[in-house]
Amino acid sequence: MTTQTSAGLLLEHLFRRQAGRMVAHFTGVLGPANLELAEEAVQEALLRALETWPYSGVPENASAWLFRVAHNAAIDALRRGRRSLSLDSDESVPAPAGLPAPLRPPDDPYLEEQLRDDELRMIFMCCHPEISPEAAIALSLKTVGGFSVREIARAFLAEEAAIAQRLVRAKRQIRERHLTLEMPRGAELEQRLDAVLEVIYCIFNEGYAAHEGEDLIRQDLCEEALRLGFLLASSSITAPRVHALVALMAFQAARLPARTDTSGDLVLLDFQNRGMWDRGLIAIGFYHVEHSMRGDEVSPYHVEAAIAATHARAPDAASTDWPLILKMYDQLLAINPSPVVALNRAVALAKVHGPEEALETVEPLARNRQLRDYHLLLAVRGHLLVELGRMEEAAQCFREAIEQPCSAPERRFLTRKLAACQPTVSRETDIPAR
């Protein structure tokens, strides 16, 4: 591997990990109204690294280098009169009047704690109730996750221009309504915490099963959601449902190595090599399950985590306790009566009571607007019809599913299911289970 390639890979890794921390830190110093200046300073650090590292070599402390360059870029912007602000200064180090003092090194434990707090405040500001959920997700990914507009657009099947407009509107709202990085309290904290958890889980779900593109899995999105979950769970404002969500994501992320084969094709849950599941993540999942039970609260995340834990405990597919999973889906449906939960319950119902009873619960879901373009509804219905020997109807389901938005690996899977409806081709015998 060449020096240029090595430097580029390290820079990509560092920038993904450090960009959000840097933007959050400088926004805290400059104030939320100057979020764009903070982003520009961090972007300047990236550009300078791209220009110099491949030729001069990677600095010994690459993180400190990025922080220092971004810090100096913010100072330069202020000197050019782009902002008339007085920045907080570090009393231990003299600084020119009105300019930020030199940063402590990023490996300083006090700064590490400050950076964690900055990131938490940043994501809670992104999830302010005056900012729409769609904009909150985009803003969180951009400012805290370090994602580009193109990456966000790809992740959520939106045009780049639409994502850019969401970001512009959100930043305008922050400026015009004087939103702050102060952590909410009381009822507002509870409300904002639910929004933050929703954003984190939305990010994870898109990474776990991408809606479009050549890849089924977006590892970067899963990792970012887990990182934010761990950050929140380790803070003083954590709650049982935070630990439940982290447990759920850890259990599901543990399966990622086995969800696709060497060709990138989908491997269904019952056919996965469970020896490839990440035992470290499973252990983390059970750790957070234990912490999630410290209280009387039972959220949808608790039940979903319990379902995922049941899969994790089973040494093989045949050992899965489907009757218990069905009972938990009944509980989840009572807490969160969504059509997607009802569809997932139908999968468990088929395992316990057979395809005919499951199909009776799936048929009404086909009339639900939220599932109109959902390929998994058609895939599940198609499988149940195959099990009942209604091959022509099943084939039509798979044809329609192929036309819906989905990733390339899922489309190839559906194509194989369609081919399996022909009597001369052996049929797969499973339902796409998440």
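Heads up: numbering here begins at 1 and tracks the sequence. The model shown is predicted, which means the values in this text are computed figures rather than measured ones.
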Exercise: identify the closest heavy-atom pair between [X] and [Y]:
| X | Y | value |
| --- | --- | --- |
| H311 | W322 | CE1-CH2, 3.7 Å |
| M22 | L66 | CE-O, 3.3 Å |
| Q404 | L378 | CG-CD1, 3.9 Å |
| W65 | A45 | CZ3-O, 3.8 Å |
| C397 | G382 | CB-CA, 3.7 Å |

A cation-pi test, strictly: NZ or CZ of R255 under 6.0 Å from the centre of the six-membered ring of Y208 and no more than 45 degrees from its axis. Yes or no?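 Judged by the rule (NZ or CZ under 6.0 Å from the ring centre, within 45° of its axis), R255 is not positioned above Y208.
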Taking the side chain as every heavy atom from C-beta outward, state whether I203 and L141 have any pair of such atoms under 4.5 Å apart.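 When only atoms from C-beta onward are counted, L141 and I203 do touch, with a gap below 4.5 Å.
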Could you check whether any side-chain heavy atom of I131 comes within less than 4.5 Å of a side-chain heavy atom of L179, counting everything from C-beta outward?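 Yes, side chains in contact.
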May I have the step-by-step check of side-chain contact (heavy atoms from CB on, under 4.5 Å) for F251 and I282, ending in yes or no? CA-CA 5 Å; F251 285 134; I282 290 175; 4.2 Å; yes
Looking at E356, I want to see if its CD is surrounded by more than 12 non-hydrogen atoms of other residues, nucleotides or ligands under 6.0 Å.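 Open.
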Evaluate whether atom CD of E44 has more than 12 neighbouring non-hydrogen atoms of other residues, nucleotides or ligands under 6.0 angstrom away.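 Yes, enclosed.
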Nearest-0.5 Å distance that lies between atom [atom1] in [X] and atom [atom2] in [Y]:
| X | Y | atom1 | atom2 | answer |
| --- | --- | --- | --- | --- |
| Y374 | N368 | OH | CG | 12.0 Å |
| R241 | L197 | CZ | CG | 6.5 Å |
| R177 | E130 | CZ | CD | 4.5 Å |
| L221 | L226 | CG | CG | 11.5 Å |
| L349 | N344 | CG | CG | 12.5 Å |
| Q252 | E304 | CD | CD | 7.5 Å |

Do the side-chain N and O atoms of Q396 and E400 include a donor-acceptor pair separated by under 3.5 angstrom?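 Looking only at side-chain atoms, E400 and Q396 do form a donor-acceptor pair, the distance falling under 3.5 Å.
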Does a side-chain N-to-carboxylate-O contact under 4.0 Å join E134 and R169?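 Between R169 and E134 there is no salt bridge, as every charged N stays at least 4.0 Å from the carboxylate O atoms.
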Charged N-O contact under 4.0 Å between D321 and R313: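 Result for this pair is no, no salt bridge flagged.
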Can you say whether the rings of H291 and Y287 are parallel (under 30°), tilted (30 to 60°) or perpendicular (over 60°)?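 Rings of H291 and Y287: tilted, 30 to 60°.
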Using the six-membered ring wherever Trp is involved, compare the ring planes of F26 and H71 and label them parallel, tilted or perpendicular (cut-offs 30° and 60°).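 It falls in the tilted class, 30° to 60°.
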Run the numbers on R121 and D118 for salt bridge (charged side-chain N to carboxylate O under 4.0 Å, His left out), then give the verdict. CA-CA 5 Å; R121 285 195 292 267; D118 287 341; 2.6 Å; yes
